[in-house]
2 protein chains.
Amino acid sequence: MANEKKMDCVILGLLSHESMTGYEIKKRMDITLKYFWGASYGSIYPTLNQLEKDSLVTKVETRENGREKIIYTITKSGLVFLEKWLKDSSVKDELRYETLLKLFFGSQIGPDFTSGHIDRFEEKIKGELPVLKMMVAQLEQIKGMEEAHLYYLLTAKFGVKVYEAYVEWCEETKQTLSDIKKLTN
Amino acid sequence: MANEKKMDCVILGLLSHESMTGYEIKKRMDITLKYFWGASYGSIYPTLNQLEKDSLVTKVETRENGREKIIYTITKSGLVFLEKWLKDSSVKDELRYETLLKLFFGSQIGPDFTSGHIDRFEEKIKGELPVLKMMVAQLEQIKGMEEAHLYYLLTAKFGVKVYEAYVEWCEETKQTLSDIKKLTN
DNA sequence: TGGCTCATGTAATCTGTTACATGATTCT
DNA sequence: AGAATCATGTAACAGATTACATGAGCCA
């Protein structure tokens, strides 16, 4: 169970909320999931075809304003499959931060270059924090929220909490690096 | 530059600290880097062979107590390659947490199952936190620390900071989930 | 008219994991 | 004697990214 393709499950999960096209799945993921789960078209479209072959989704080809669209809908078996994965206790949580790798080997290049890596990391985080905070604020305003939005809110709060910890750590780390610099000068 | 194999760089980085065997590289990574960069023998040994072909490392085959060992040492070109990567500003930082994915789709299975996922996540974190804190404590005790250890300390502090944020978030999330449960009962 | 967004898809490639295979030594 | 650890490696497979390819509609 731990080894099945996760993309299957993510797509089924999104389709359990709403029927969508592959293009819309990508957009939805880029807004709601990208902070902890990324995806590209190169994995979405082939997965959708496979899911259809396995009868976990059905497709309807339409044409809106001349643009062809393939709208996918989750099936009963799809929901069963999704639920089985969701209830399974085995998970794989993975963090791969090249920034930390470059920091770890920082003695090779010294505090100045290393500090640059931390700066860029911090900037990226600080750029994304307002977006996450806005998400949280917007979700909290909704009265009588759909249950799905409540869970979405929890993941957004994770983002805020963690990103704020990142920023704190960045500040402390830059301070230490500047101390190192003084010592070695 | 952003797309070269990272395993090359990690191994070169470790060898820049000290000459080692593939087996030792794995052990070292499991202690110091596993919180933000994992690896398996299946990627370490082939990478070492490639690095040797490219003259970025040299190898010496020895025999210690009858056990064959291949000790790898970084070359001048290896150091140049490492430095080039370390100074390059492009990085890829990636977080893939299946736990968050299962939380995001929590409405499909309800607060009880979802809370279980958070519990297991929190337990794993709480199990690893003391290890990280011990690392930090030990590193901070060393007087006249080697520079490399200072950078190691900074990455360990990242772990502590972030894991503590995780635990806080877990507590808040479990509280919210228990509130949801009361509302829907 | 030109550029952006909508929309779908494939092929090459990369990178890594898992499981297997082997064999010696050390510890209990 | 048997289990764990030391030590090296391969083959099959999985999973995903990148770049490419195509084409239509919308906006300025």
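If you're wondering where the values come from, they're calculated on a predicted model, not measured in any experiment. Note on naming: letters A, B, ... go to the chains in the order of the sequence lines (proteins, then strands), and numbering restarts at 1 for each one.
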Point to revise | Atom-to-atom span, NZ of Lys92(B) to P of dG16(C) - whole angstrom | key: 10 Å

Check your understanding: salt bridge (Lys or Arg N to Asp or Glu O under 4.0 Å) with Lys161(B): which of Glu164(A), Glu171(A), Glu168(A)?
Key -> Glu168(A)

Practice item. Give me the ring orientation class for Tyr23(A) and Tyr41(A): parallel if the planes are under 30° apart, tilted from 30 to 60°, perpendicular past 60°. Key: parallel

Practice item. Look at all strands and tell whether Arg63(B) reaches a base, only sugar-phosphate, or nothing, counting heavy atoms closer than 4.0 Å. Key: nothing

Review point. By a strict heavy-atom criterion of less than 4.0 Å, which residues belonging to residues 12-20 of chain A are in contact with DNA chain C?
Key: none

**Study point:** Tyr35(A) vs Leu95(B) side-chain heavy atoms within contact, under 4.5 Å
**Key:** no

Check your understanding: In whole Å, what is the span from the CH2 atom of Trp37(B) to the C1' atom of dG16(C)?
Key -> 11 Å

**Study point:** Side-chain ion pair, Glu83(B) and Lys87(B), N-O less than 4.0 Å
**Key:** yes

Check your understanding: Are a donor atom and an acceptor atom from the side chains of Gln108(B) and Trp85(A) found within less than 3.5 Å of each other?
Key -> no

Review point. Separation of Lys5(A) atom NZ from dT17(D) atom C1', in whole Å?
Key: 14 Å

Practice item. Grab the CD1-P distance between Ile44(A) and dT18(D) for me, whole Å please. Key: 13 Å

Review point. Aromatic rings Phe158(B) and Trp169(A): how do their planes relate, parallel, tilted or perpendicular, breaks at 30° and 60°?
Key: perpendicular

Review point. Does Asn65(A) place a side-chain N or O at less than 4.0 Å from the phosphate oxygens OP1/OP2 of dC6(C)?
Key: no

Review point. Relative to each other, are the rings of Tyr97(B) and Tyr166(B) parallel, tilted or perpendicular (30° and 60° limits)?
Key: perpendicular

Practice item. Could you tell me the separation between the NZ atom of Lys26(A) and the C1' atom of dT5(C), rounded to a whole number of Å? Key: 14 Å

Check your understanding: What is the distance from NZ of Lys6(B) to P of dC14(C), rounded to the nearest Å?
Key -> 14 Å

Review point. Rounding to a whole Å, what distance do you find between Gln50(B):CD and dG16(C):C1'?
Key: 15 Å

Review point. Side-chain N or O of Ser43(B) less than 4.0 angstrom from OP1 or OP2 on dG16(C)?
Key: no

**Study point:** Minimal non-hydrogen separation, Leu86(A) against His117(B), with atom names
**Key:** O-NE2, 2.6 Å

Using the 3.5 Å cut-off, write out each protein N or O paired with an N or O of nucleotides 6-10 of chain D and the distance between them.
{"unit_1": "dC6(D)", "atom_1": "OP2", "unit_2": "Tyr23(B)", "atom_2": "OH", "d": "2.7"}
{"unit_1": "dC6(D)", "atom_1": "O5'", "unit_2": "Tyr23(B)", "atom_2": "OH", "d": "3.4"}
{"unit_1": "dA7(D)", "atom_1": "OP1", "unit_2": "Lys69(B)", "atom_2": "NZ", "d": "3.2"}
{"unit_1": "dT8(D)", "atom_1": "OP1", "unit_2": "Ile70(B)", "atom_2": "N", "d": "2.9"}
{"unit_1": "dT8(D)", "atom_1": "OP2", "unit_2": "Tyr23(B)", "atom_2": "N", "d": "2.9"}
{"unit_1": "dT8(D)", "atom_1": "OP2", "unit_2": "Tyr45(B)", "atom_2": "OH", "d": "2.8"}
{"unit_1": "dT8(D)", "atom_1": "O5'", "unit_2": "Tyr45(B)", "atom_2": "OH", "d": "3.4"}

Check your understanding: Whole Å only: how far is the CE atom of Met7(A) from the C1' atom of dT17(D)?
Key -> 11 Å

Practice item. Taking all heavy atoms of Val57(A) and all of Leu48(A), pick out the closest pair and write down the distance. Key: CG2-O, 4.2 Å

